[in-house]
Amino acid sequence: MNAPAYFDAISLDRLPLGIAARVASVDWPALDEGEACRLRQFGFDEGVKVEALHLGPFGRDPIAVRVGRMTVAIRRKHAGAIGVTLLEK
């Protein structure tokens, strides 16, 4: 079985809707302790598959993101601290 091919890393807030990606890094120090704890509880960590699904109506905030099999809403500023690599389809 072939391993997935990775492309350039971008922040999760810049991930186009409907495109699968894998979390490459999380800038934990850039987040408040409570925000970081919440993201960890949602399953955001290196290696997790994610997909941006929807944008909020005001300032495109929050962002609905599929994390594994769960869909969560996170603030755009928090998504900016999450680096992702696109997966080849």
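Predicted model, so just to flag it, every value in this text is computed and none were measured. Residue numbers count from 1 along this sequence. Side-chain atoms are counted along with the backbone in the values below, which use heavy atoms only and exclude waters and symmetry mates.
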Run the side chain to side chain contact (heavy atoms under 4.5 Å, CB included) check on Ile74 and Leu12 step by step: do they pass? CA-CA 10 Å; Ile74 63 171; Leu12 180 56; 3.9 Å; yes
Once rounded to the nearest 0.5 Å, what's the spacing between atom CG of Leu17 and atom CG of Leu55? 4.5 Å
Trp28 and Phe44 have their tightest heavy-atom pair at CH2-O, 3.6 Å
Any non-hydrogen side-chain atom of Val65 less than 4.5 Å from a side-chain atom of Leu53? no
Quick check against the 3.5 Å criterion: does Asp61 have a side-chain atom that pairs as donor or acceptor with the backbone of Arg76? yes
Closest approach of Gly68 and Val48, non-hydrogen atoms and distance? N-CG1, 4.4 Å
Side-chain (Arg22) to main-chain (Leu87) donor-acceptor, under 3.5 angstrom: no
Enumerate the side chain to side chain donor-acceptor pair (under 3.5 Å) contacts for residues 34-53, please, sequence neighbours excluded, ordered by first and then second residue. Glu35-His78, Glu51-Arg66
Sub-4.5 Å side-chain heavy-atom contact between Leu15 and Leu86: yes
If the condition is side-chain hydrogen bond (donor to acceptor under 3.5 Å, both in side chains), which residues does Ser11 pass it with, not counting sequence neighbours? Asp13
Partner residues of Pro57 under the side-chain contact (heavy atoms from CB on, under 4.5 Å) criterion, sequence neighbours left out: none
